[in-house]
Amino acid sequence: MQYKNLGKYIRIKREAMKVSLNEFAFANDIDPAILSRIETQKQNIKLNVLEKIAQGFDKTPAEFLTEFEENQ
């Protein structure tokens with residue numbers, strides 16, 4: 001499975017929660033600049049950041065990626 005659009009998916013989910021990028025980043029111990037680059041697909045996601053992002057959506061990384069795959 002290709003995860004090319006994962007950054008876009010993260011942005012869509014975060015915006016659906018009506019949470020700003022900075023709010024989401026700080027609440028989940030992620031550098032806002034890194035999250036911005038991930039969402040704009042300028043940077044790949046490292047596993048430790050994926051874990052924090054998934055946790056921000058109350059999911060495990062596996063659950064989050066499965067949900068992403070099902071929505072593609």
Shared hydrophobic cluster, [X] / [Y] (ILVMFWY, side-chain heavy atoms < 4.5 Å):
{"X": "Ile10", "Y": "Phe26", "answer": "no"}
{"X": "Leu21", "Y": "Ile34", "answer": "yes"}
{"X": "Val49", "Y": "Val19", "answer": "yes"}

Which atom pair, heavy atoms only, marks the closest approach of [X] to [Y]?
{"X": "Leu6", "Y": "Ile45", "value": "CD2-CD1, 3.5 Å"}
{"X": "Ala25", "Y": "Pro32", "value": "CB-CA, 3.8 Å"}
{"X": "Phe64", "Y": "Leu50", "value": "CD2-CD1, 4.0 Å"}

| query | So, Glu23 and Arg14, do they make that salt bridge, N to O below 4.0 Å? | reply |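 Looking at Glu23 and Arg14, the cut-off is not met.
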| request: Check whether the side chains of Glu67 and Tyr9 place a donor and an acceptor atom closer than 3.5 Å, and report yes or no. | output: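 Yes, because at least one side-chain N or O of Glu67 sits under 3.5 Å from a partner of the opposite role on Tyr9.
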| task | Enter the distance from Phe24:CZ to Glu15:CD here, rounded to the nearest 0.5 Å. | result |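 Here the rounded value is 12.0 Å.
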| Nearest 0.5 Å, what's the CZ-CD distance between Arg37 and Gln43? |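 The distance works out to 4.5 Å.
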| task | Could you tell me which residues satisfy side-chain hydrogen bond (donor to acceptor under 3.5 Å, both in side chains) with Lys8, sequence neighbours excluded, listed by chain and number? | result |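 In terms of side-chain hydrogen bond (donor to acceptor under 3.5 Å, both in side chains), with neighbours along the sequence ignored, Lys8 is linked to no residue.
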| request: Only counting residues at least two apart or in another chain, list the ones meeting side-chain hydrogen bond (donor to acceptor under 3.5 Å, both in side chains) with Thr40. | output: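 By the side-chain hydrogen bond (donor to acceptor under 3.5 Å, both in side chains) rule, Thr40 matches no residue at all.
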| Does atom CG of Asn5 have more than 12 heavy-atom neighbours from other groups under 6.0 Å away? |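 Atom CG in Asn5 is packed in, count exceeds 12.
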| Over 12 foreign heavy atoms within 6.0 Å of CD, Gln55 |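 At most 12 heavy atoms, drawn from other residues, nucleotides or ligands, come within 6.0 Å of this atom.
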| field | Note, Ile38 side chain near Asn44 side chain (heavy atom, < 4.5 Å) | value |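 They are not in contact (no side-chain heavy atoms under 4.5 Å apart), so the answer is no.
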| said: Quick check against the 3.5 Å criterion: does Asn28 have a side-chain atom that pairs as donor or acceptor with the backbone of Ile30? | reply: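 Such a contact is absent between Asn28 side chain and Ile30 backbone.
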| said: Quick check against the 3.5 Å criterion: does Glu39 have a side-chain atom that pairs as donor or acceptor with the backbone of Ser36? | reply: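 No, Glu39 side chain to Ser36 backbone: no donor-acceptor pair under 3.5 Å.
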| Phe57 and Met17: side chain to side chain contact (heavy atoms under 4.5 Å, CB included), yes or no, with the steps? | CA-CA 9 Å; Phe57 295 118; Met17 293 171 52; 3.3 Å; yes
| Lys52: which of Asp29, Leu35, Leu47 passes side chain to side chain contact (heavy atoms under 4.5 Å, CB included) |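 The single option meeting the side chain to side chain contact (heavy atoms under 4.5 Å, CB included) with Lys52 is Asp29.
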